There are 2 protein chains.
Amino acid sequence: MRTLHHFALSPFCRKVRLALGEKRLPFTLAAENPYEGRDALFALNPAGTVPVLVDEGGIVVPHSAAICEYLEEVYPVHPLIPGTAADRAEIRRLTFWFDEVFHREVTVRLLYEKVHKRFYDPRGARATPELAIVRAGSEALREHLDAISQITEVRRWLAGDALSIADLAAAGHLSALDYLGDVPWGQYEPAKEWFVRLKSRPCFRALLSDVVPGMPPVRHYADLDF
Amino acid sequence: MRTLHHFALSPFCRKVRLALGEKRLPFTLAAENPYEGRDALFALNPAGTVPVLVDEGGIVVPHSAAICEYLEEVYPVHPLIPGTAADRAEIRRLTFWFDEVFHREVTVRLLYEKVHKRFYDPRGARATPELAIVRAGSEALREHLDAISQITEVRRWLAGDALSIADLAAAGHLSALDYLGDVPWGQYEPAKEWFVRLKSRPCFRALLSDVVPGMPPVRHYADLDF
């Protein structure tokens, strides 16, 4: 059986879960805590990170970008990097934008500061988030939501008319932040409408039933009308 | 004319220069200082980073991983991500290993600490490198050279029998560090032989004539017998 080794709130794992869902590929989840440094995880991926996909036939694919390229090659039905070479370059650029720039400016400052420090930081349980970092993350999030609103006011999806892995990458980050109730959707109507469209897709269902032990999601997390 | 916007010592730009060379694609270089935040660079790439490729026909492709995928799709001759889907996944995994893990553990600690701080740090010219950071980078480099030696003792190239973008990614980082004379090749014979094979290829020539103003390379930098 196809298995995805993952960590529930990791935006990179969420992107891959959404991609597998969009491609209608059944899979089971194997939960990992990357902070534990489990030997079995390092045997699958020397970098010790999630996600790692173990596909049917036993092919092991670590790293979310490598997994998405692999899925697109092996399961081209329901394409997630559609279009011409120029279209595909734009999709990849946007995907790296979320997985690198958004990740550094927003996800690390909000999600890592609040969740990882509290539950998973090896230096000590329940360290307090630094408010200056959280504030800088919230400010950066507003700028990114503004940019997403500007794009989705003129395009149905981030890279154009078709849903792509760029939407799923963005949704990976935003849905993890949404779990904490950190996204001020109300002030960014086009971005909210785009996210409602994503959240209504069948691939999103499993993400909406995620519960991190000791840290339940905010009330509207699973609502399609939030 | 095809143009690559680059920064001479950036390992990501070096990877793309090597890839263009291996594919026998002529191009001109446009030097950028990413610390300057030039408006024209942001117009090409909202992230403000290099490399950015402007291909013939005006297609703009930012981000080194997106550029390499684009080149492989549009110019499939002299493939750099060859083989089956599993082979290609392994090549991409290794490439991200160098561009993320090696980058974080070695390149940032040695190259950024020495070069960027000295010449390009906006906070003040000629800041001193922190020795503890440089030492940690040197130690990590030895571990990585040991790993490269173990691989290249049994494989001609990092991902197998064929040269791939994984070799060029690794060479991007190592050649930039080599410019500073920071790589203790003598103690890692198989890694050294692999690097000599790479350095002898025509694509490497332009890199070996790079000179950063005010910071000439160490004497053996351009030698094939070092």
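Side chains are part of it too, since the values below use all heavy atoms of this structure and drop only hydrogens, waters and symmetry mates. This one's a predicted model, so the numbers in the text were calculated from it and none came from an experiment. Numbers restart at 1 for each chain; the letters A, B, ... are given by sequence-line order, proteins then strands.
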B:E105 side chain to B:G137 backbone, donor-acceptor under 3.5 Å: no
Partners meeting ring pair (Phe, Tyr, Trp, His ring centres under 6.0 Å) with B:H6 (sequence neighbours left out): none
Residues which pass ring pair (Phe, Tyr, Trp, His ring centres under 6.0 Å) with A:F12, listed by chain and number, not counting sequence neighbours: A:H103, A:H173
Approximate separation, where rounding is to 0.5 Å, of B:T152 OG1 and B:E189 CD: 10.0 Å
Residues B:R14 and B:D210 bridged, charged N to O under 4.0 Å: yes
Contacts of residues 73-98 of chain B with chain A (heavy atom under 4.5 Å): B:E73, B:V74, B:A85, B:A86, B:R88, B:A89, B:R92, B:R93, B:F96, B:W97
Cationic tip of B:R155 above B:W194 ring, under 6.0 Å, 45° of axis: no
A:D182/A:K114 ion pair, N-O < 4.0 Å: yes
Ion pair check, A:R156 and A:D161, cut-off under 4.0 Å: no
Gap separating the CZ atom of A:R24 from the SG atom of A:C203, nearest 0.5 angstrom: 8.5 Å
Close approach to chain B in residues 64-72 of chain A, criterion heavy atom under 4.5 Å: A:A65, A:A66, A:E69, A:Y70
